[in-house]
Amino acid sequence: MKNFWTALSVQRRVIFALILRETRTRYGKTRLGHLWALFEPLAHMLTFAAIFSFMGRSSPLGGSVALLVLTGLFPYALFSNTATQLMNAVSANRVLLSYPHVTPFDVMAARMILEVLTQVVVFTFVLFILAVQGLWDMRIDNILELITVVFVCAGLGAGFGLINAVLTFKFPSYAQTFGILMRPMYFMSGIFFVASYMSTSIQNILYYNPVAHLIEWFRSAMYEGYESSFLDKKYLVTFTITVLFFGLLLLRLVRHKIRQQ
Amino acid sequence: MIEFQNVSKAYALGSGKKVLLDNVSFFFGEGVNIGILGVNGAGKSTALRMIAGSETPDKGKILRSGTFSWPLGFAAGFNGSLSGEENLRFICRIYAANIAKVTKLVADFSELGEALYEPVVTYSTGMRARLAFALSMAIEFDVYLVDEIMGVGDRLFQEKCKAAFNEKSKQSSIIMVSHSMNTIRDYSDVVLLLSNGNVGIYEDVEEAIAKYEKIVV
């Protein structure tokens, strides 16, 4: 039992050190680097909000178009960035695996935590801007549920990320393939529309996309008086747990091989 | 303490398989300095990484007690875009060492001066090795694992390394891979001679060296 606690405290130390290191390498040493992390999604969202208001579209959920885009982009970005970050975690940190304490799992866990923190900070920041601009009424329907969805997003992203990491290790060209596969997801997950307001035939196809459920759940928790008829929490949670389980299993099978290279 | 229990290890090599260790067992208690000898490709570095825990055996078990360093070598795990000092911080954090204390020791020992705060990519091979060596000496371990790192830099620095090493070997033990027979003579109590998957254990260092020289020629 003592060994177990020692191992756990080593792992905690390693993951913390990796997060600090990753922050440094990703955002650089300048404040501008950190600022860029905030600016990028802001620009992304403002562009779409501008295009939509130019087209004269309004949000089917009430409130501003900017808020609709933000509540779609945030869960999507959290999911897809986590999946991509984990996919590249091992190759980006290969030198560190020569330290016996550092395991492939640790580098992935560190990246996941950093991704969640970054995205939550960015979301809060953009939300604040919207409030200042009068584009958000500063109400959240259910904050606990909102936090739950954040964890589900990270979990689903991590599950795909683990599988991606193992596939990239076995077939290096897979990394590009995943990027290509993800591209249509951007348009098919309900960032720019509301899944539950689509026709039944479209909903039947969208149903299989777990990210569409993520976004619907997130919006249900955010908007007062909106309960999605499309959302199937049971399907989403089962899907997430299955993917996570498979990801961890695959990593377990190849973790020694990953270290040898 | 380090113990190998029926350890086997092989590498996939093109079409076939290269067996590095075939059902190897040994036990060494605290304070025993071990030298590892073998021709190129015999698996010395792999054995050292297995002792460190960076690699796992295909079969068998490895038991260790006490704190072990990472395998010290030229290919130290430094991130090029970060400065020497930032790399140092990371290593201190994972080994729970005092950052301020280690920074001071490394700055004194490595003679890197201001370069310590420059990105590691700008370092020469010698500077990298000096940083790696200074860093490992600055963190306390029960066992230091050394992969061919002796003979870093100029003569003066080598003398310094030797002195630091001798100081360390008073409280800690050393497990090293080297091609220099003199280094093996200076630091080893026991020699492991690796050849064709087998490990010969020699209490008499001279006997091991004689045997090794016979294999080499």
Side-chain angles (χ1 to χ4, degrees), chain A residues 2-30 32-33 88-111 113-114 169-170 251-261, chain B residues 9-13 18 20 43 45-46 48-59 62-65 67-83 85-97 99 117-120 128 132 135-136 139 141 143 145 147:
Chain A
K2 191 170 168 266
N3 276 339
F4 173 77
W5 292 113
T6 323
L8 205 66
S9 92
V10 168
Q11 186 163 45
R12 207 204 52 208
R13 235 165 42 213
V14 169
I15 291 174
F16 179 66
L18 281 166
I19 292 172
L20 291 179
R21 183 188 175 107
E22 191 85 20
T23 314
R24 263 294 158 90
T25 46
R26 201 181 315 171
Y27 303 124
K29 291 166 197 174
T30 58
L32 211 68
N88 304 320
V90 169
S91 56
N93 291 297
R94 180 145 293 290
V95 286
L96 300 184
L97 297 179
S98 59
Y99 298 103
H101 283 356
V102 183
T103 67
F105 177 84
D106 295 339
V107 290
M108 291 197 228
R111 279 201 161 190
I113 295 168
L114 185 61
F169 172 69
K170 287 271 174 201
L251 179 65
R252 212 185 156 76
L253 291 176
V254 301
R255 61 184 174 158
H256 299 316
K257 291 251 166 12
I258 288 181
R259 296 206 115 181
Q260 273 176 15
Q261 282 204 335
Chain B
K9 182 80 178 177
Y11 269 147
L13 200 74
K18 174 145 179 73
L20 298 177
S45 297
T46 307
L48 202 66
R49 282 201 299 275
M50 284 164 74
I51 293 171
S54 315
E55 273 193 41
T56 42
D58 297 339
K59 267 187 219 142
I62 298 173
L63 303 173
R64 50 183 92 73
S65 71
T67 55
F68 283 63
S69 78
W70 66 92
L72 266 173
F74 289 116
F78 292 135
N79 182 315
S81 64
L82 296 179
S83 72
E85 188 256 355
E86 285 168 326
N87 276 292
L88 174 158
R89 278 170 180 272
F90 174 76
I91 294 163
C92 285
R93 285 194 189 107
I94 63 174
Y95 286 102
I99 293 175
Y117 301 91
E118 298 291 325
V120 171
R128 265 174 190 251
L135 190 49
S136 55
I139 300 177
F141 291 109
V143 184
L145 306 174
D147 193 349

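Just the heavy atoms: all of them, side chains too, but no hydrogens, waters or symmetry mates, feed the values below. What you see is a predicted model, and the numbers here were worked out from it, not measured in a lab.
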Interface residue of largest heavy-atom contact number with chain A, from Asp58(B), Ile91(B), Thr46(B), under 4.5 Å: Ile91(B)

Toward chain A, the part of Tyr95(B) with a non-hydrogen atom under 4.5 Å: both

Chain B interface, residue from Asn93(A), Leu97(A), Leu18(A) that has the most non-hydrogen pairs under 4.5 Å: Leu18(A)

Crowding at OH, Tyr11(B) (>12 non-hydrogen neighbours, <6.0 Å): yes

Side-chain touch Glu86(B)/Val120(B), heavy atoms, less than 4.5 angstrom: no

Residues forming a salt bridge (Lys or Arg N to Asp or Glu O under 4.0 Å) with Arg21(A), sequence neighbours excluded: none

Thr56(B): partners by side-chain contact (heavy atoms from CB on, under 4.5 Å), with sequence neighbours left out: His256(A)

